[in-house]
Amino acid sequence: MDKESKAGRAALLALAALMAILLAVGCLIPTENVRVRFARPLDYSGGWYDADTGRFYRERAILVQPGQTLRLTHRLPATIGQGTCLCLRNAGFHLTAMVGNCTIYEMGYSSPLVFGRELGRVWCQIPLGTQYGGHTVNLILQNKDEQDARRFDLYSVTMGTSNEVDFSILSTNFAAIVESGAVLLIALMLCVYAFLLFRYHVPAYRYAILYLGLLALDCGLWFISDGELAQFFFDDASFRYQLSYFAFLSVPVFVVLFFREIVMEYRRLLTRVLLGYAVLAAVLLGLYAANLVHISRSVSVIHLYMMFIIFVLLGACVQAYRTKRCAATRGCCFSKKIENFCK
């Protein structure tokens with residue numbers, strides 16, 4: 001390294017050290033606090049009683065059996081501010097909130113297992129007027145599912161303004177926001193790369209990259225619609241519920257399409273596997289549309305076929321690697337990666 005390079009590096013290091021010293025000294029000088037802070041809602045999960053038996057609930061969650069109704073009661077604070085609401089997570093219950101004999105909120109009045117009427121797991125914000133201070137609020141949660149028990153998360157009950165509740169929901173879902181954003185960014189990059197390959201007529205794996213980008217896009221939509229963030233974008237609970245299921249249902253399609261471009265010797269086999277999955281999905285969706293079998297009941301069948309797809313893909317990749325006819329499958333085998341790393 002010549003003298004000029006050494007002098008330049010020394011100057012940069014000295015400049016970085018000077019900025020670090022000034023930053024440290026500047027932090028020690030007292031100044032006004034300008035940090036923006038967000039208020040959090042009040043935890044209101046304690047003090048709930050069973051309206052029928054008088055039992056005091058200390059559990060974080062309460063299991064409600066099929067067809068049963070849970071009635072909770074709690075005395076509101078003496079003073080309630082303007083715009084205050086009672087917030088809780090509703091997992092498909094028919095929820096009714098009453099103050100005295102007045103019904104102030106109702107959600108989920110129809111069956112959760114009917115096409116177009118699904119509720120899913122949503123946040124409910126029950127408005128509380130200032131005149132309700134000191135009164136008793138009653139929550140009536142009816143499980144209209146005749147087969148499965150549903151859990152009411154008592155720990156999720158909070159009280160505050162709408163802005164405080166919204167910020168609390170966003171803060172608890174910060175990891176989901178980062179994950180969904182990262183997956184959608186990867187999807188955008190892959191789709192743009194595939195577009196460039198098609199634009200400049202580069203035949204090498206352009207369809208495989210396109211399917212991989214569509215898979216990432218589908219997973220990003222699945223993450224968003226299946227979580228609690230979807231309530232900030234969609235008003236229709238059933239639309240969010242269906243979008244989540246359909247995005248999940250589409251994942252194996254893009255996976256098989258991707259491997260069809262990688263394991264060329266088994267394209268016919270993978271095409272048959274894909275057609276079988278399409279027929280199965282069409283039958284299940286037809287039963288769902290006719291209100292014969294709800295999509296929540298068919299998830300186990302989809303999981304079994306997904307396991308079958310995984311075994312078929314694994315066998316095709318291993319066989320193609322052994323015959324050394326497909327160079328792309330070498331990267332799919334971890335043993336080969338380790339071998340190349342050790343060389």
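In what follows, every heavy atom counts, from backbone to side chain, and hydrogens, waters and symmetry copies are set aside.
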State whether the number of non-hydrogen atoms from other residues, nucleotides or ligands found under 6.0 Å of Arg267 atom CZ is greater than 12.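 Counting neighbours around CZ of Arg267, more than 12 heavy atoms of other residues, nucleotides or ligands fall under 6.0 Å, so yes.
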
Interatomic spacing from [atom1] in [X] to [atom2] in [Y] - rounded to 0.5 Å:
X	Y	atom1	atom2	result
Ser171	Phe174	OG	CZ	10.0 Å
Phe152	Tyr57	CZ	OH	10.5 Å
Phe259	Ile309	CZ	CD1	11.5 Å
Asn173	Gln231	CG	CD	10.0 Å
Leu184	Leu217	CG	CG	6.5 Å

Which of these, Leu95, Val99, Leu139, Val137, sits in a side chain to side chain contact (heavy atoms under 4.5 Å, CB included) with Tyr105?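 The passing option is Leu95.
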
Can you confirm whether [X] sits close enough to [Y] that some side-chain heavy atom of one is under 4.5 Å from a side-chain heavy atom of the other?
X	Y	answer
Leu215	Phe258	no
Leu76	Tyr44	yes
Asn143	Leu70	no
Pro127	Ile104	no

Backbone N or O of [Y] within a donor-acceptor pair of the [X] side chain at under 3.5 Å?
X	Y	result
Arg75	Gly134	yes
Asn291	Phe115	yes
Ser180	Ile177	no
Arg240	Ser225	yes
Arg206	Ala194	no
Ser156	Arg89	yes

Kindly state whether the ring of Tyr205 and the ring of Tyr211 have centres lying under 6.0 angstrom apart.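 Ring-ring flag for Tyr205/Tyr211: false, centres at least 6.0 Å apart.
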
Passing candidate, side-chain hydrogen bond (donor to acceptor under 3.5 Å, both in side chains) with Tyr288, options Gln242, His294, Arg297: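 The single option meeting the side-chain hydrogen bond (donor to acceptor under 3.5 Å, both in side chains) with Tyr288 is Gln242.
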
Same hydrophobic cluster for [X] and [Y], using side-chain heavy-atom links shorter than 4.5 Å among ILVMFWY?
X	Y	result
Ile140	Leu72	no
Val301	Phe308	yes
Val293	Val283	yes

Side chains of [X] and [Y]: is there a donor and an acceptor less than 3.5 Å apart?
X	Y	answer
Thr84	Tyr132	no
Asn163	Thr161	no
Ser238	Glu118	yes

List the atom of Tyr241, the atom of Ser296, and the distance in Å for their closest heavy-atom pair.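 Answer, listing the atom of Tyr241 first, then Ser296: OH-CB, 3.4 Å.
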
Asp148/Arg150 salt bridge by N-O under 4.0 Å criterion: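 Salt bridge between Arg150 and Asp148, a charged N being under 4.0 Å from a carboxylate O: no.
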
